[in-house]
Each structure stands twice: as C-alpha cells, then as structure tokens.
Number of protein chains: 2
Amino acid sequence: MSGRRGRVRLEDVAEVAGVSAKTVSNVIRNYRYVSDATRTKVEAAMAELGYRVNLSARALASNQTGFIALAIPGLDNPYYSRLAGYVIDAAREHDWIVLIEQTGSSEALEKAAVSGAGSQLVDGVILQPDAIGHADLTGRFAHHNLVLIGESGVTASADHVTADAAAAARELVEHLLAQGRSRIATVGIRPQDRPNASELRYRGLSQAVESAGLQVRAEYLIPVSRNRRPDGAEAVDQLLALDEPPDAIICFNDLVGSGVLARLRERGVRVPGDIAVAGFDDNEESRFTYPPLTSVAFDLEAIARRCVQRLLLRAGPDGADQPPVRTVVGHRLVVRGSTVASD
Amino acid sequence: MSGRRGRVRLEDVAEVAGVSAKTVSNVIRNYRYVSDATRTKVEAAMAELGYRVNLSARALASNQTGFIALAIPGLDNPYYSRLAGYVIDAAREHDWIVLIEQTGSSEALEKAAVSGAGSQLVDGVILQPDAIGHADLTGRFAHHNLVLIGESGVTASADHVTADAAAAARELVEHLLAQGRSRIATVGIRPQDRPNASELRYRGLSQAVESAGLQVRAEYLIPVSRNRRPDGAEAVDQLLALDEPPDAIICFNDLVGSGVLARLRERGVRVPGDIAVAGFDDNEESRFTYPPLTSVAFDLEAIARRCVQRLLLRAGPDGADQPPVRTVVGHRLVVRGSTVASD
DNA sequence: ATGAAAGCGCTAACAC
DNA sequence: GTGTTAGCGCTTTCAT
C-alpha cells in the first residue's frame with residue numbers, strides 16, 4: 001500500500017452499502033452466494049467511494065500474495081525478454097503479477113530466487129536452473145511451488161516445462177548433413193560442472209554427428225563465456241585459424257549466430273557457400289541478418305502458458321499432492337539463407 | 001507470504017533471544033539504538049530459527065510495500081529491456097523490488113499503471129508516457145510518487161528524466177549533412193494527437209534540416225505502425241518507389257534501422273554509397289549489422305539510477321514537498337559504417 | 001445469503 | 001536501549 005490515497009476501506013464501503021464487511025468482501029472476491037440486489041448495492045458504493053482493495057492486507061490475511069516470480073538469466077537476451085512478456089500475459093489472466101528476477105545464471109542468485117527473502121512473498125516460482133544444484137531446489141527454504149524451465153539435468157521433484165533440445169539439435173545437424181556439410185563446429189557456453197541446458201544441447205549435437213558416422217572434433221567445439229554476439233565474432237577467428245576450418249557452424253543461440261555471421265562477412269567468408277551457419281531461438285533479428293539465419297524456434301508462448309497453469313494448479317487446494325509433471329513443448333527448424341543458398 | 005514455510009514469526013525470535021518483539025524489529029530494520037550484545041543475540045536467534053520477515057505484514061503495518069513499478073511499452077524492444085535491467089539493479093541497491101508493466105504505449109494500460117489497482121501497492125511509478133494525457137497523470141487515483149521518462153509533451157508536475165532527443169536528432173542530421181547528404185528521409189511512428197517522444201524527435205529533425213536551408217519533404221516522412229524491423233523493411237519499398245529516392249534515412253530506432261538495412265541490401269542498394277542509414281538507441285545488434293549502423297546512444301544507466309533516486313527522495317519524510325525536477329542525461333552519436341564508408 | 005468477531009505478522013507511538 | 005499496547009485492512013471460521 002502506498003498510503004495517502006486508498007484511504008477508503010472495505011468497512012467504509014460496507015457502511016455506505018448498508019451491509020457488513022464480510023458481504024463486501026464476498027462481492028469483491030466473486031463469492032457465489034451473493035444476491036444480485038446486494039451485489040449491485042455494494043458495487044455502487046464501491047464506485048461512489050472509489051474503493052480499491054489493499055493488496056498487502058489481503059495478502060496478510062489470506063496468505064496469498066498474488067505474485068509469482070520469474071527467475072531467468074537476464075532480460076538482455078531476446079529469448080528471455082520474449083518469454084517474460086508471454087509469462088506476464090499468461091499470469092495476468094489469472095490476476096497474478098510477475099516479479100522478474102535476473103539471475104545471470106549465477107548459483108547465488110538462482111538460489112535467492114528459490115529460497116531468498118523474496119521467495120516468501122510469491123505464490124510460486126518459475127526458474128531456469130542453469131547453475132543451481134538439486135539440494136538447493138528442495139532445501140529447507142525452497143519454495144514449494146516451483147516450475148523449472150529449459151532443459152537441465154536437475155532432477156528435482158518439481159514440474160518441468162521444456163522443449164526437446166536434444167531432438168532440436170539432432171534435426172539441425174541432420175539438416176546440415178543433408179546440405180553436404182561434414183565438418184560441423186559448435187559455439188556456445190561450455191557447461192561448468194553439471195549437465196544444464198548447454199550441456200544437453202552439446203550432447204544432442206554430438207550424438208547426431210556421430211550417428212552420421214562423423215567424428216566430433218575437439219577443435220570444433222568453441223567454448224565462449226556469455227553466448228552473446230561478440231563471443232560469436234571471437235569464435236570465428238579461432239575457427240578460421242584452424243588448418244582445416246569447419247564448413248558449418250552451429251551457434252547455441254541466435255545472438256552468437258549474429259556475431260558469427262558479422263565476423264565471417266568481415267573476413268570475406270561466404271555464407272553459406274564456404275560455411276553454413278545456424279542458431280537457436282529464432283530471434284526476430286535472425287530474419288534480418290545477412291544472410292538470414294537458419295534457427296530452431298521454440299514455442300515460448302506454450303512454455304509460458306504451461307508454467308502459469310502448473311503454478312495455478314499447485315497453488316490450489318490439493319495442489320501440493322500432485323505428482324511432478326514434465327511438459328515438452330514444440331519446436332521447429334526454420335531454414336533460411338545461412339544454410340541454404342537462395343535462388 | 002506463501003505460507004507453509006515462514007512459520008517463524010518475529011515473536012518467536014524474540015522469545016528465543018529473550019527480548020521483546022520490538023527489539024527484534026529494531027534489529028531487522030537496522031535501528032541505530034540497539035546494543036551490540038542484543039543485536040548479536042537476536043541475530044543468532046534469527047539464524048537458528050531461520051526467520052525471515054513477512055513482507056506483506058510489514059507492508060500493511062508500515063504503509064510501504066518495497067515495490068516500485070516500471071511502466072514501459074514492452075520488453076520486446078532491447079532499449080526497454082536494457083533499461084529495465086538497469087532499473088532493477090538500481091532499485092535493488094535500495095531494497096526495492098521492481099514490477100514491470102508492459103503498456104504497449106496504450107492509453108488504457110498507461111493509465112492503469114499510474115492509477116490502476118496495482119498502483120496502490122507500489123511506493124512509486126516510473127512511466128514512459130506515450131499516450132496518456134495530463135489529466136490522468138494527476139487525477140484522483142494517480143500515484144503521487146511518479147517519475148516520467150523519455151521526451152514528452154506531458155507537462156505534469158512530476159519529476160522527469162530524459163535525454164535531449166531534439167539535440168540528438170540535430171546532431172544526427174548535421175552529421176549526415178557533413179557527409180554531403182541532402183535528401184534526408186525519416187522512418188518512424190507518427191505521433192497520434194499529442195506531442196510525445198516521437199513527435200519531439202520529428203521536430204528536432206525537421207528543425208535541423210531546415211536550419212541547413214533544406215526542405216523537409218513530405219514524401220520522405222514515412223509513418224510506420226510499430227517501430228520494428230519489419231516496418232523498416234516496408235518503408236524502404238515506399239522510399240525506393242519515389243521518383244527521387246532519399247540519399248539518407250534516419251530511423252526512429254535501431255530496430256527499424258535493422259529492417260531498413262536488410263531491405264536495402266535485398267534491393268541491391270549500396271549503403272552508405274547510395275543511401276546512408278542511421279538510427280537511435282545504439283542496440284548491441286547495431287554493431288553487427290551490415291554495414292554496422294550509425295546510431296545515437298543514450299545513457300540508460302544514468303536514466304535508471306536517476307529515476308530510482310528521485311523516487312527514493314520522494315518516498316522519504318518530506319519528499320512530497322519537493323518541487324518537480326527535470327533531469328537530462330547524456331547521449332552521443334556513434335558513427336559507424338552505415339553513414340561513413342570504411343577505409 | 002449475511003453478520004460478528006478473531007487474528008494474519010508486523011510496525012509505531014509511547015512509556016519506562 | 002528496551003518493553004507495551006494498538007492497530008494496519010483484509011479474510012475467515014462460525015453463527016444465524
């Protein structure tokens with residue numbers, strides 16, 4: 001409550017409407033058994049006084065805040081800002097307000113999101129677990145209403161919403177093989193110690209390459225620190241310095257892909273003539289790069305809707321008893337000029 | 001409060017520590033007059049019990065929520081997602097949590113941010129006023145602690161933090177004139193009825209063009225609906241259809257610039273040879289387009305810090321009495337290959 | 001279908 | 001410096 005305004009209390013409305021506070025409360029919360037006459041009276045009184053609930057008081061009394069947290073690496077990646085937008089929209093439909101927590105994929109901040117001070121003021125948490133360990137996901141202070149997003153090796157007994165990253169990686173490799181590429185490089189964050197989204201993507205790629213009877217060459221796996229455009233540009237320099245450069249580069253997201261394309265152009269390498277390039281996430285930008293970037297699109301809206309839906313279910317009466325569910329949303333390969341020459 | 005956990009109340013801590021609830025409260029809120037011995041005892045008890053404040057209860061009792069709202073058009077524009085990141089960081093330093101409200105530049109949602117149900121649960125509001133009118137900014141329910149960002153014709157008696165968009169536009173035009181360009185087109189959202197950020201930018205551009213003794217040609221002012229990449233692409237088609245196409249295109253943001261560059265390339269137009277292109281916002285993407293996009297960079301971090309600082313001041317004891325302040329943050333022209341041929 | 005009373009967990013006066 | 005006493009505005013049993 002911000003104070004100053006909002007002086008009008010529920011009790012005041014009750015007085016004007018000539019009913020009890022409880023009845024006003026019933027009207028506000030759309031309780032079923034209120035006569036139409038009473039409801040109309042109360043609504044008139046609310047309008048007249050300009051009444052609005054005090055959410056702090058409601059939260060204290062009802063033990064529900066109406067907030068959910070979305071803990072993601074950062075909004076500076078279009079993938080996450082788009083996801084955030086969808087989550088906000090999906091949450092609004094259930095009168096939930098979204099708190100965005102930027103974790104930077106750091107263990108400390110992911111932990112804080114799940115069990116920090118703020119965690120006790122949200123009715124649920126949606127988390128992308130990049131660095132956090134299993135113990136912290138289920139520890140003493142961990143939020144009981146948790147949905148995990150993205151591929152990860154974390155096997156906490158929590159709901160999980162993700163796309164099939166390994167399958168997506170496989171399709172991408174197969175597409176490149178079909179274009180006659182055989183020396184496939186990858187550029188992306190190297191997993192630290194645990195199997196997170198990046199690691200699983202690596203595995204999917206490796207498997208696909210090997211199933212084709214090709215070798216996964218160590219010098220073609222370029223680790224970067226941040227999965228951003230400048231990292232992609234640097235990786236290109238490393239790859240072009242090799243005795244036998246790759247003929248295809250798979251980037252772990254389109255941001256890296258953007259940097260890779262820019263650098264290849266500067267270096268005078270033709271795409272896809274000399275080297276094909278592809279990414280993940282299907283950022284809008286990728287339709288406007290030169291050449292347009294082939295990418296794997298994930299159904300972010302479905303992820304968002306599903307997360308909110310699970311949270312809602314668990315916040316309900318017997319939600320805690322539900323067994324954890326794993327939801328896999330769709331993805332599709334969007335082929336563009338960076339892997340297939342146009343005309 | 002999420003319930004289930006957090007069972008530990010302040011009173012429990014007091015009991016374990018052997019002090020009163022008030023003393024515990026004093027410790028938590030860093031009240032000055034607490035003896036070290038007491039503080040240590042209380043902190044030990046808190047750690048032992050795993051105590052954490054109930055923010056809902058605190059909000060209700062103290063009439064301060066610890067939330068501020070950031071109401072911006074949308075996170076899908078890197079300009080705003082970056083700004084949001086900075087605001088979150090700045091707010092965190094003062095233990096404030098940021099609620100992001102996406103307005104889509106719609107009047108209704110901007111209004112809601114300032115005076116809607118949610119507005120009474122935040123200690124302050126940072127708003128980019130694209131469509132809202134003066135009356136709604138000061139109306140009955142409007143939040144009393146409001147900071148406006150971005151250029152706008154709105155003259156509400158609220159704090160205002162902005163860059164000098166007109167000056168920036170002027171510098172950009174002068175740069176283009178210095179490169180020998182004379183037929184300067186602009187692509188961007190046309191202001192509806194009131195002088196918002198876009199309109200002011202238009203004016204700055206027009207003035208600069210006219211001061212140079214050139215004419216502002218109506219057919220060179222291309223209105224678009226969303227200031228996004230696809231809009232830029234479409235605008236190019238319109239401009240190239242003219243009898244005398246422009247020799248420079250100023251885009252109202254870098255997103256549009258990205259679309260313009262992509263389309264010019266497709267159409268076989270050389271940049272900057274045939275047409276120079278420039279934008280606003282200095283997105284990271286603009287360093288990786290082909291050619292890299294000349295752009296005006298605004299000091300977003302300064303905007304964020306300043307907004308939080310003003311909100312903080314007004315949330316303080318006699319903040320309401322302070323006269324509204326207008327802060328102008330820096331900007332700079334970042335010249336790249338889209339306006340000046342390299343080598 | 002509506003009312004009365006209790007209390008959510010904290011902070012804020014005011015005493016001491 | 002620390003304790004005591006009231007609420008903050010709402011929801012929630014339990015009656016009726």
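Keep in mind it's a predicted model, so treat the numbers as computed, not measured. Per chain, numbering begins at 1; letters A, B, ... match sequence-line order.
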Compile the donor-acceptor pairs under 3.5 Å between side chains in residues 67-82 of chain B and protein atoms, sequence neighbours left out, one pair per line.
unit_1	atom_1	unit_2	atom_2	d
B:Asn77	OD1	B:Tyr79	N	2.9
B:Tyr80	OH	B:Gln128	OE1	3.4
B:Tyr80	OH	B:Gln128	NE2	3.1
B:Ser81	OG	B:Pro78	O	3.3

Criterion side chain to side chain donor-acceptor pair (under 3.5 Å) on B:Ser35 and B:Thr38, from CA distance to verdict: CA-CA 5 Å; B:Ser35 71; B:Thr38 312; 2.5 Å; yes
Separation of atom CD1 in B:Ile28 from atom C1' in C:dT11, rounded to whole Å: 10 Å
For atom CG of A:Leu55 and atom C1' of D:dC8, their distance in whole Å: 14 Å
d(CZ, A:Arg58; C1', D:dC8) in whole Å: 16 Å
Residue pairs passing the ring pair (Phe, Tyr, Trp, His ring centres under 6.0 Å) test where at least one lies in residues 299-328 of chain B, sequence neighbours excluded: none
Atom-pair distance (CD on A:Glu11; C1' on C:dA4), nearest Å: 12 Å
N/O (side chain, A:Thr38) to phosphate O (OP1/OP2, C:dT2) under 4.0 Å: yes
For residues 86-96 of chain A, which side-chain N or O atoms pair as donor and acceptor with protein atoms under 3.5 Å away, sequence neighbours left out?
unit_1	atom_1	unit_2	atom_2	d
A:Asp89	OD1	A:Arg92	NH2	2.9
A:Trp96	NE1	A:Asp123	OD2	3.3

Protein-nucleotides 12-15 of chain D N/O pairs closer than 3.5 Å?
unit_1	atom_1	unit_2	atom_2	d
D:dT12	OP2	A:Arg29	NH1	3.1
D:dT12	OP2	A:Arg29	NH2	3.1

Whole-Å distance separating the CZ atom of A:Arg9 from the C1' atom of D:dT11: 16 Å
Euclidean distance, atom CG of residue A:Leu10 to atom C1' of C:dG3 [Å, nearest integer]: 13 Å
side-chain N/O B:Ser56 vs C:dC10 OP1/OP2, d < 4.0 Å: no
Name of the residue among A:Ile126, A:Val147, A:Ile149 meeting side chain to side chain contact (heavy atoms under 4.5 Å, CB included) with A:Ile303: A:Ile149
Under-4.0 Å side-chain N/O to phosphate OP1/OP2 contact, B:Ser20 with D:dT4: no
Presence of A:Thr23 side-chain N/O under 4.0 Å of C:dT2 phosphate oxygens OP1/OP2: no
Rounded distance in Å - CG (A:Leu60) to C1' (C:dC8): 4 Å
Distance, rounded to the nearest Å, where B:Leu121 contributes CG and D:dC10 contributes P: 13 Å
B:Ser35 vs B:Ala57, nearer the 5' end of DNA chain D by closest nucleotide: B:Ser35
Results of side-chain hydrogen bond (donor to acceptor under 3.5 Å, both in side chains) for A:Asp136 - residues two or more places apart only: none
Residue pairs passing the side chain to side chain donor-acceptor pair (under 3.5 Å) test where at least one lies in residues 11-26 of chain A, sequence neighbours excluded: A:Arg9-A:Asp12, A:Ser20-A:Thr23, A:Lys22-A:Asn26
